[in-house]
Structures are given as structure tokens and as C-alpha cells.
Colleague: 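The structure that follows is given in the form of C-alpha cells.
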Amino acid sequence: MTLPETPILEGVRLTKHFCAGQGFLQRRQAPVQAVNDVSLAIRRGETLALVGESGSGKSTLGRLLLNLLTATSGDVLYEGRNLGNLPKEKLRKVRQELQIIFQDPFASLNPRMTVESIIGEPIWLHTDQSRSDRQAKVAELLQTVGLAPEHGNRYPHEFSGGQRQRIGIARALASHPRLILGDEPMSALDVSVQAQVVNLLEDLKHQFGLTLLIVAHGLAVIRHMSDRVAVMYLGEVVELAPVDALFETPFHPYTQALIAAVPVNHPALRQPRTVLRGDMPSPANPPSGCRFHTRCPHARSLCKEVKPVFEMATPGRQAACHFWKEIANAGGDRLFAAAPSTAFAQRLHLFKTYSPASMETQP
Ligand code: SF4
């Protein structure tokens with residue numbers, strides 16, 4: 001019997017509440033429940049995607065897992081070790097191994113530093129390499145991410161968005177990370193440049209044996225590059241599944257709605273779009289029972305009163321819905337009532353035929 005492998009990174013019942021500002025004579029405001037009681041394990045070498053609407057808590061969860069934010073409650077385990085119990089020196093070493101690529105390549109690079117200083121800074125901080133060795137390492141990293149060694153003498157404003165994101169990736173690689181969090185790394189880039197960055201991340205993952213945690217909006221990119229997907233709604237994970245299974249038979253009505261909301265750019269496949277009712281409720285005052293019940297077309301009285309358990313639905317798949325079985329069997333028909341029943345299959349076809357390589361342009 002083989003023992004299950006320890007996840008590289010695991011969040012156990014993570015909760016993060018942000019307290020809203022409180023002034024003199026002001027009423028105390030309810031805290032914003034950005035992440036609520038989430039447990040999530042990331043396997044070694046996989047690409048796990050966190051998806052959901054803006055405000056669903058996916059970026060906050062990513063930052064909690066990387067120990068960039070302190071959790072209100074819950075634990076983060078790295079290689080089975082609780083980061084909350086690690087001495088400072090060991091935590092520093094762990095931080096080197098958990099790196100982040102930021103969403104905005106324009107804001108995440110110091111405009112007063114040369115590219116060589118930006119990429120060389122973690123090497124200078126964490127090793128005792130000589131200046132010439134550091135310069136050689138920076139030149140090697142620049143080549144690894146598809147830039148030229150002479151780019152090291154330039155400043156960030158001299159580069160395009162895609163090139164800046166490559167610089168951000170090179171800086172993350174400089175610490176020899178084992179896991180990289182991409183916090184919407186493609187969302188500020190043109191579509192053709194997005195494809196280049198997706199391909200670069202995939203190549204680097206295989207070259208360096210990385211584990212990737214990707215926070216993203218673009219479902220086509222997620223479909224292409226991830227192994228498993230965790231869908232978040234209002235601070236909670238509502239579905240977790242291998243990528244193919246999730247896109248082929250989404251169990252949770254919110255996952256079905258996310259897939260249905262993807263625009264179709266072919267006239268022959270265009271269908272009336274089904275849009276979720278209303279806005280996402282305030283995370284400072286989430287609905288009782290199932291947090292999705294105010295917008296769910298399948299909601300019943302039980303949903304308003306009893307919170308669904310995030311349970312194993314089928315092997316390797318978890319969902320938080322009282323009625324996932326009958327909703328999945330119905331294939332989301334009620335959600336797509338305004339569209340012909342083939343709409344779902346057509347969208348799936350588009351996801352499957354998406355290929356970043358086919359969109360790649362010459363740099
Ligand atoms: Fe919809 Fe009820 Fe399932 Fe929540 S528990 S997703 S409200 S059917």
C-alpha cells in the first residue's frame with residue numbers, strides 16, 4: 001500500500017477577516033469576510049487554478065497560502081510543517097521557496113532600479129555570491145525568460161508589458177522557488193502576449209519542476225494550463241475538481257454559470273447569454289445557509305437555512321451544494337433555459353480548441 005504524498009502546500013481551515021475602519025463616534029462595522037474556513041491542498045508539481053468573480057477571495061487565499069497575509073484563524077502547512085510554528089530563520093528560507101508573480105507588471109517593478117538590480121536583489125539577499133557571479137546569474141535568468149543579457153542595464157519603463165512580466169518571472173526564479181503563485185499574471189496583458197506568458201510559465205514549470213498556483217479570470221487560459229481548478233464564491237471554495245471533469249460536468253451551479261458567461265466569438269455558435277441574477281452580496285454580511293442562494297436558480301428553502309458541506313462528490317472531486325447530484329445530472333439545463341441545450345457543449349468545444357501557441361506572435 002502506498003501512502004498518500006504530503007501536499008507541498010496546504011491551507012487548513014483558513015479564515016481571513018479584514019476589519020473596516022472605525023472612526024471616533026462611528027458605529028463599529030462588521031468585518032469583511034474575505035476568506036472563510038477554506039481547506040485546500042496543493043500537490044507537488046501540479047498547476048492549481050483559483051477562479052471566481054472579483055471579490056470572491058481568490059487573491060487573498062493565494063496570499064494567505066504564501067504567508068504574505070496573516071490568517072485570522074487556520075494554519076498553512078508547507079511540506080507538512082506548520083508555518084506558524086517555524087522559527088524566523090527557517091521561515092525566511094521557506095519564503096525563498098514560495099514566490100509570487102504580480103498582476104500588474106507596470107506597478108510591481110521599482111522604476112528607479114535597473115533590471116539587473118531588480119533580478120539580482122534576491123540573489124544578493126539570500127546568497128553570498130560575488131558581484132560578477134550575480135551578474136552572470138542575472139544574464140542567465142534573462143535568457144531563460146526570453147530576454148537578452150544586455151537588457152539588464154535598462155530600466156523597467158523601457159520595456160513592454162509582456163517583457164516586464166518576463167522580468168517579474170525572472171525575479172521570482174532568482175530565489176530557486178519550488179512553488180510560484182501567479183496572481184492574475186495575464187490579466188494586464190494583450191491576448192497575444194498572454195499566450196507567450198502562458199507558454200513561458202508552462203516551459204519553466206517543466207524545466208525547474210515547479211508547482212504553480214494560478215489566480216485568474218480567463219477560463220480558456222485556465223482550461224489550457226491547469227491540472228485542477230478550485231472555484232471560489234464569496235470567500236469559500238464551492239467546487240474543486242480536475243480541469244477536464246470540471247469543464248465537462250460542472251457540479252456546482254456557480255461553476256456552471258461561470259462557464260456559461262464566457263463570450264462566444266463565433267457567429268454560428270453565438271447564443272443568448274444567461275447572466276446570474278443580481279450582484280455578489282457584501283462579504284461583510286454574507287447570506288445565511290448557502291452563500292450562493294440569493295443568486296442560485298436551483299435554490300430551495302433548505303439552502304437558505306443550512307450551509308452545504310464541502311464534501312467529496314466523486315473520487316477526486318468536491319462540491320458544496322445540497323443538490324449537486326441532480327443539478328449535474330440535469331446538465332445545467334435550467335441555467336441555460338434561454339439557450340438551446342447544445343450551448344453548453346459548444347462552449348466546451350471552444351475551450352478545447354483554444355491553444356495559446358496558435359495565437360503566439362513574434363516578439
Ligand atoms: Fe444552489 Fe442550494 Fe446548491 Fe446553494 S445549496 S448552490 S443555493 S442548490
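Numbering of ligands and ligand atoms starts at 1, following listing order. Just so it is clear, the model here is predicted, and its values are computed rather than measured.
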Colleague: Check this for me: Gln207, atom CD, are more than 12 non-hydrogen atoms of other residues, nucleotides or ligands nearer than 6.0 Å?
Modeller: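 Atom CD in Gln207 is crowded, with more than 12 foreign heavy atoms closer than 6.0 Å.
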
Colleague: Taking all heavy atoms of Leu234 and all of Pro287, pick out the closest pair and write down the distance.
Modeller: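 Minimum heavy-atom separation between Leu234 and Pro287: CD2-CD, 3.7 Å.
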
Colleague: Ring-plane angle category for His252 and Tyr254, please: parallel below 30°, perpendicular beyond 60°, tilted otherwise.
Modeller: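 Plane angle over 60°, so perpendicular.
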
Colleague: Do any side-chain atoms of residues 305-313 form donor-acceptor pairs under 3.5 angstrom with protein atoms, and if so which ones, sequence neighbours left out?
Modeller:
{"unit_1": "Lys307", "atom_1": "NZ", "unit_2": "Glu236", "atom_2": "OE1", "d": "3.1"}
{"unit_1": "Lys307", "atom_1": "NZ", "unit_2": "Glu236", "atom_2": "OE2", "d": "2.4"}

Colleague: Indicate whether any N or O donor in one side chain lies under 3.5 Å from an N or O acceptor in the other, for Arg291 and Gln33.
Modeller: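 Gln33 and Arg291 do have a side-chain donor-acceptor pair below 3.5 Å.
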
Colleague: So, with waters excluded, how many protein N/O/S atoms does atom 3 (Fe) of ligand 1 have closer than 2.8 Å?
Modeller: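 If we list every protein N, O or S atom nearer than 2.8 Å to atom 3 (Fe) of ligand 1, we get 1.
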
Colleague: Only one of Ile222, Leu246, Val215, Ile214 passes side-chain contact (heavy atoms from CB on, under 4.5 Å) with Val51; say which it is.
Modeller: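 Single pass found, and it is Ile222.
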
